[in-house]
Amino acid sequence: MTSRPPSPGMVSADHSISPVPGGGGGGNPNPTPSLKKPSHRRPGADADAVAGDATDTGLDDDDVSARPGSGRGSGSGSGPWWRIHLFRGMINDVRRRAPYYASDWTDAWDYRVVPATVYMYFANIFPALAFSLDMLHKTDMQYGVNEVLLASVLGAVVFAVLACQPLVIVGVTGPITVFNYTVYDIMKSSGTNYLAFMCWIGLWSLVFHWVLAITNSCNWLRYVTRFPCDIFGFYVAFIYLQKGIQILEALGDDESFYLSIVVALLVFVIAYLCGALGDSTLFKHPIRVFLKDYGTPLTLIFFAGFVHMGRLKNVHLENLPTSSSFEPTADRGWFIHFWDISVGDVFLAVPFALLLTILFWFDHNVSSLIAQGSEFPLRKPAGFHWDIFLLGLTTGVAGLLGLPFPNGLIPQAPFHTESLCVTAHVPDPLSSAKGEDDDHPRLVLRATHVVEQRASNLLQGLLTLGTMSAPLLAALRLLPQAVLAGLFFVMGVQALAANGITAKLVFLARDEALTPAAHPLGRARLPRRAALWLFVGLELVGFGATFAITQTVAAVGFPVFILALIPARALLLPRWLTAEELAVLDGPTASPFTMESVGGADGGSDETVSGASRGVLSSKVGGSTAMRAREGSSSAFDVEGGEAMEMHRTAAGVRSG
């Protein structure tokens, strides 16, 4: 079977990534790959439109010279490591992405944009409503439905129109919800104007974001592997589950409480089944696509009306509290009087702003990495530096308007990219290897391309703005809180099912006698089973510590712990695990094509993985279908469900959150 030329951003089977001369030697446990840039370019694209030379990588010359395994000593190059070329990353991001701006709009004339817009509207708005309910109670109505909706609109419009990565969905997340009400708990006893204090946090954070963008801080993303991403995703999944339980706990213990539990569980079961059927081999392909795209929102809409039918209407259920259309929840204007605060409180906001910046730098960049993961056949370049600059802008504006700060959403961001994938049935290239009949090969579903455009993100933001109108707010008042609890359960379980930690735990629970030797995590590729136990144990310790911190008043400091996972992975794990073991258990988060914006990936080289260690356990983002990448192949296929999406991932685990 003839080999297919690699698509941009893919790791091809012909080892298009090779170690740099001198890389990997000297005891370096994670040799750093060099990128053969021509293999990552969009077919037919002009070379100048894509980062094809070293000056367009977003790396400073000094950074390249100091990069481990690059073949240069730390003292060589154009200057010392502390010399930073200001604005270089932002300029290169814009220069790479600008040639595609017109096509970002013209490419929107595609059917996939319609279901993607509808799907993302519901996938974004319902969690936002649930978070608004949480903050409404815990911040004494400082943040409500309209504030959260307007924050989502702000992020959607700015990033859809101006961002280098328009596929990333921006809105209010679980971690920022925890941050907001923790700050409220800390400051309420002092009598400080809470929204004015949050405004100064946003303004200081704007400055910190811009400093990080100007100094090319996103180059450090090359050290972000799946290890910290899986831990963070596991944490976010449990936050969703916890929020669902907390909503039900607040409903009392009478008949409405028990009906709410039943409704929440029914929402969870039916919505989850719709997603499972969408990933199965049952029914025709259009039916499966419909169930996967619209199953969850239709379930929520149905149960919002179901509780008002028959005898159920006699049971009082707590609904979602809303305010007047396009008005703040509290009795105030939209512009915050940030001057109504003491000078001491202005500077007291600095450490909180620093923590917020750390959280957003990690959370938003991880959302961007996952939304442009190596399983998606993307053709347009990324731009992390410029988007961090935009994130600082939206953070400052949100503070001035008294809104919760928006940033990249997990799992909505990768859900958006997945919903824009165009798939086709193709012969399974593994059929011949299995000795199957070449005349009747097994067909698999492969993602041929992604409809990369800006319209779906913008349209879902405008739909969210329309939700603030009086008729739709009146409809939201009929939404039972139990339905939102069920949605939290759906998102939490889906995130857990698609997480790399879960995948490894499931493998460890399998009967070893019935596990094929060629399994991606089997002894053929990972002879030392203790290495897997150690790796998973460290991930669970990291998750447990993060989750425990957020249950205390010290929750405001949890971003520091999350960020510390990156150097922990880079410095500690190579001491306990070999390079071959890390290549199987961990790896870069996104493809080399995506990582060109930050100078490539470090930590788990694709060259190592493309050899004997290539077979790894993987999964579709947001789904529970297991995918496996086979040795010597650039694609991974669903060998359990009978269908497949082309996966270009080179290390174990599933990323979500």
Side-chain angles (χ1 to χ4, degrees), residues 113-137 141-161 169-174 176-177 243 247 267 271 293-305 307-308 318-330 334 394 397-398 401-407 409 412-413 415-416 419 454-488 490-491:
V113 174
V114 176
T117 299
V118 176
Y119 175 64
M120 290 317 305
Y121 168 68
F122 286 105
N124 192 9
I125 191 173
F126 281 116
L129 294 175
F131 288 133
S132 72
L133 179 63
D134 195 29
M135 287 190 289
L136 182 73
H137 295 312
M141 301 183 65
Q142 299 294 327
Y143 293 130
V145 171
N146 282 354
E147 284 82 3
V148 172
L149 292 180
L150 189 56
S152 299
V153 174
L154 172 65
V157 172
V158 170
F159 277 81
V161 176
I169 300 296
V170 178
V172 178
T173 65
I176 192 58
T177 302
K243 295 304 177 187
I247 289 176
V267 169
D293 287 345
Y294 304 108
T296 298
L298 289 177
T299 300
L300 299 176
I301 294 173
F302 171 78
F303 278 99
V307 297
H308 299 285
E318 292 293 334
N319 294 333
L320 181 69
T322 61
S323 58
S324 301
S325 60
F326 300 105
E327 294 292 335
T329 302
W334 277 117
T394 56
V397 173
L401 296 178
L403 308 177
F405 308 117
N407 74 303
L409 293 173
Q412 288 91 330
F415 282 178
H416 184 215
S419 67
R454 298 175 182 269
S456 58
N457 197 349
L458 177 62
L459 290 175
Q460 69 87 19
L462 295 179
L463 287 174
T464 303
L465 179 63
T467 309
M468 297 175 62
S469 62
L472 291 181
L473 283 180
L476 289 180
R477 293 189 190 101
L478 302 176
L479 185 66
Q481 296 183 18
V483 173
L484 298 178
L487 176 65
F488 271 134
V490 173
M491 297 183 65

Checklist line | Spacing of NZ belonging to K243 relative to CE belonging to M491, to within rounding of 0.5 Å | finding: 13.5 Å
Notebook entry, point to check: Passes side-chain contact (heavy atoms from CB on, under 4.5 Å), F122 versus T296? Steps please.
Noted result: CA-CA 8 Å; F122 286 105; T296 298; over 6 Å; no
Check: Hey, which of L150, V172, I176 is the one that makes side chain to side chain contact (heavy atoms under 4.5 Å, CB included) with P404?
Finding: V172
Notebook entry, point to check: Atom OG1 in T464, atom CG in L459: separation rounded to 0.5 Å?
Noted result: 10.5 Å
Item checked: Spatial distance of atom CG (N407) from atom OG1 (T173) [nearest 0.5 Å] -> 4.5 Å
Item checked: Partner of V483 under side chain to side chain contact (heavy atoms under 4.5 Å, CB included), chosen from L300, T299, L320, L129 -> L300
Margin query: With a 3.5 Å distance limit and no angle check, can you tell me whether E147 reaches the backbone of T329 through a side-chain donor-acceptor pair?
Written below: yes
Note to self: If I compare all heavy atoms of Q412 with all of A123, which pair ends up nearest, and what's the gap?
What the structure shows: NE2-O, 3.2 Å
Next item on the list: Give, for atom OG of S323 and atom CG of L473, the distance between the pair rounded to the nearest 0.5 Å.
Entry: 6.5 Å
Check: Sub-3.5 Å donor-acceptor pair from the side chain of Q481 to the main-chain atoms of N319, do we have one?
Finding: yes
Item checked: Which atom of V161 lies closest to which atom of R454, heavy atoms considered -> O-NH1, 3.6 Å
Note to self: What verdict does the side-chain contact (heavy atoms from CB on, under 4.5 Å) test give for S132 and Y143, after you've listed the backbone C-alpha separation in whole Å, the side-chain angles of each residue and the deciding distance to 0.1 Å?
What the structure shows: CA-CA 7 Å; S132 72; Y143 293 130; over 6 Å; no
Next item on the list: Using modelled atom types only, decide if a donor and an acceptor are shared between the side chain of N146 and the backbone of M468 within a distance under 3.5 Å.
Entry: no
Check: Rounded to the nearest 0.5 Å, how far does CG of D134 lie from CG of L484?
Finding: 11.0 Å
Item checked: Over all atoms of both residues, closest heavy-atom pair of P127 and L487 -> N-CD2, 3.5 Å
Checklist line | For the student: nearest non-hydrogen atoms of P480 and A304, plus distance | finding: CD-CA, 4.0 Å
Note to self: Using the rule given for side-chain contact (heavy atoms from CB on, under 4.5 Å), can you reason through L458 versus V157, listing the C-alpha separation, both sets of side-chain angles and the distance that settles it, and then say yes or no?
What the structure shows: CA-CA 5 Å; L458 177 62; V157 172; 4.1 Å; yes
Next item on the list: Heavy atoms only: give me the nearest T117-L463 pair and the separation to one decimal.
Entry: CG2-CD1, 4.1 Å
Next item on the list: Give the intermediate values and the outcome of side-chain contact (heavy atoms from CB on, under 4.5 Å) for residues L476 and L472.
Entry: CA-CA 6 Å; L476 289 180; L472 291 181; 5.5 Å; no
Check: How would you list, by chain and number, every residue that makes a ring pair (Phe, Tyr, Trp, His ring centres under 6.0 Å) with F159, sequence neighbours excluded?
Finding: H364
Item checked: Closest contact, heavy atoms only, F326 versus S469 -> CE1-CA, 3.7 Å
Notebook entry, point to check: If you measure from OG on S152 to CG on L403, what distance do you get to the nearest 0.5 Å?
Noted result: 9.5 Å
Notebook entry, point to check: For Y121, which residues count as a ring pair (Phe, Tyr, Trp, His ring centres under 6.0 Å) partner, sequence neighbours excluded?
Noted result: none
